[in-house]
Amino acid sequence: IYVHQSSLVSTAGKLAEWSSTDPPTAAGCRDAVRKSPQREITIVTQSVVCYLDGNGDPGYITLTAWKDASAVVDTAHLG
């Protein structure tokens, strides 16, 4: 998973936008990726994106800020 321009990209295609105002859960992220798997998601500040890692374990990434040409993110592994 990496940032390219204004997108978060997964070569495995295991990303999904998190649209709830509640914090993501392991089951919620698994379900979101199962229902709508994507390879690339355009992100803005405060975007929350669920992912499944190479072992199928869920987590999420929150874009907290853009700084110069870099993205500042928080991550949580839920598996």
Side-chain angles (χ1 to χ4, degrees):
I1 298 172
Y2 60 94
V3 175
H4 177 71
Q5 296 176 347
S6 62
S7 296
L8 198 58
V9 180
S10 168
T11 55
K14 296 185 178 180
L15 300 175
E17 293 181 75
W18 183 256
S19 57
S20 174
T21 56
D22 294 329
T25 62
C29 277
R30 279 190 193 99
D31 192 47
V33 173
R34 181 184 56 78
K35 287 181 179 176
S36 182
Q38 298 177 49
R39 285 192 182 280
E40 184 172 342
I41 295 177
T42 300
I43 52 175
V44 297
T45 302
Q46 299 307 314
S47 291
V48 179
V49 177
C50 288
Y51 67 85
L52 296 181
D53 70 12
N55 295 320
D57 293 327
Y60 66 92
I61 299 168
T62 303
L63 176 68
T64 57
W66 289 107
K67 186 172 184 170
D68 301 320
S70 300
V72 179
V73 299
D74 287 329
T75 63
H77 195 76
L78 302 171

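Note that the structure is predicted; figures quoted are calculated from it, not measured.
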Show me, pair by pair, the donor-acceptor contacts under 3.5 angstrom made by side chains of residues 3-11, not counting sequence neighbours?
from  : atom 1 : to    : atom 2 : distance (Å)
Ser7  : OG     : Glu40 : OE2    : 3.1
Ser10 : OG     : Ala12 : N      : 3.3
Ser10 : OG     : Gly13 : N      : 3.3

Review point. Trp66 versus Thr45: any side-chain heavy-atom pair under 4.5 Å?
Key: yes

Practice item. Any salt bridge (Lys or Arg N to Asp or Glu O under 4.0 Å) involving residues 19-34? Give me the pairs, sequence neighbours left out, ordered by first then second residue. Key: Asp31-Arg34, Asp31-Lys35

Study note, to complete from the structure: So the disulfide (SG to SG under 2.5 Å) pairs with at least one residue in residues 39-79 (sequence neighbours excluded) are Cys29-Cys50

Review point. When Ile, Leu, Val, Met, Phe, Trp and Tyr are grouped by side-chain heavy atoms lying under 4.5 Å apart, directly or through other members, which residues fall in the same group as Val33?
Key: Leu52

Could you give the side-chain donor-acceptor pairs of residues 53-63 under 3.5 Å, partners two or more places apart or in another chain?
from  : atom 1 : to    : atom 2 : distance (Å)
Asp53 : OD1    : Asn55 : N      : 2.8
Asp53 : OD1    : Gly56 : N      : 3.0
Asp53 : OD1    : Asp57 : N      : 2.8
Asp53 : OD2    : His77 : NE2    : 3.4

Check your understanding: How many angstroms lie between CH2 in Trp18 and CD1 in Ile41, if you round to the nearest 0.5 Å?
Key -> 13.0 Å

Practice item. Quick one: closest heavy-atom pair of Leu15 and Arg39, and the distance? Key: CD1-O, 3.7 Å

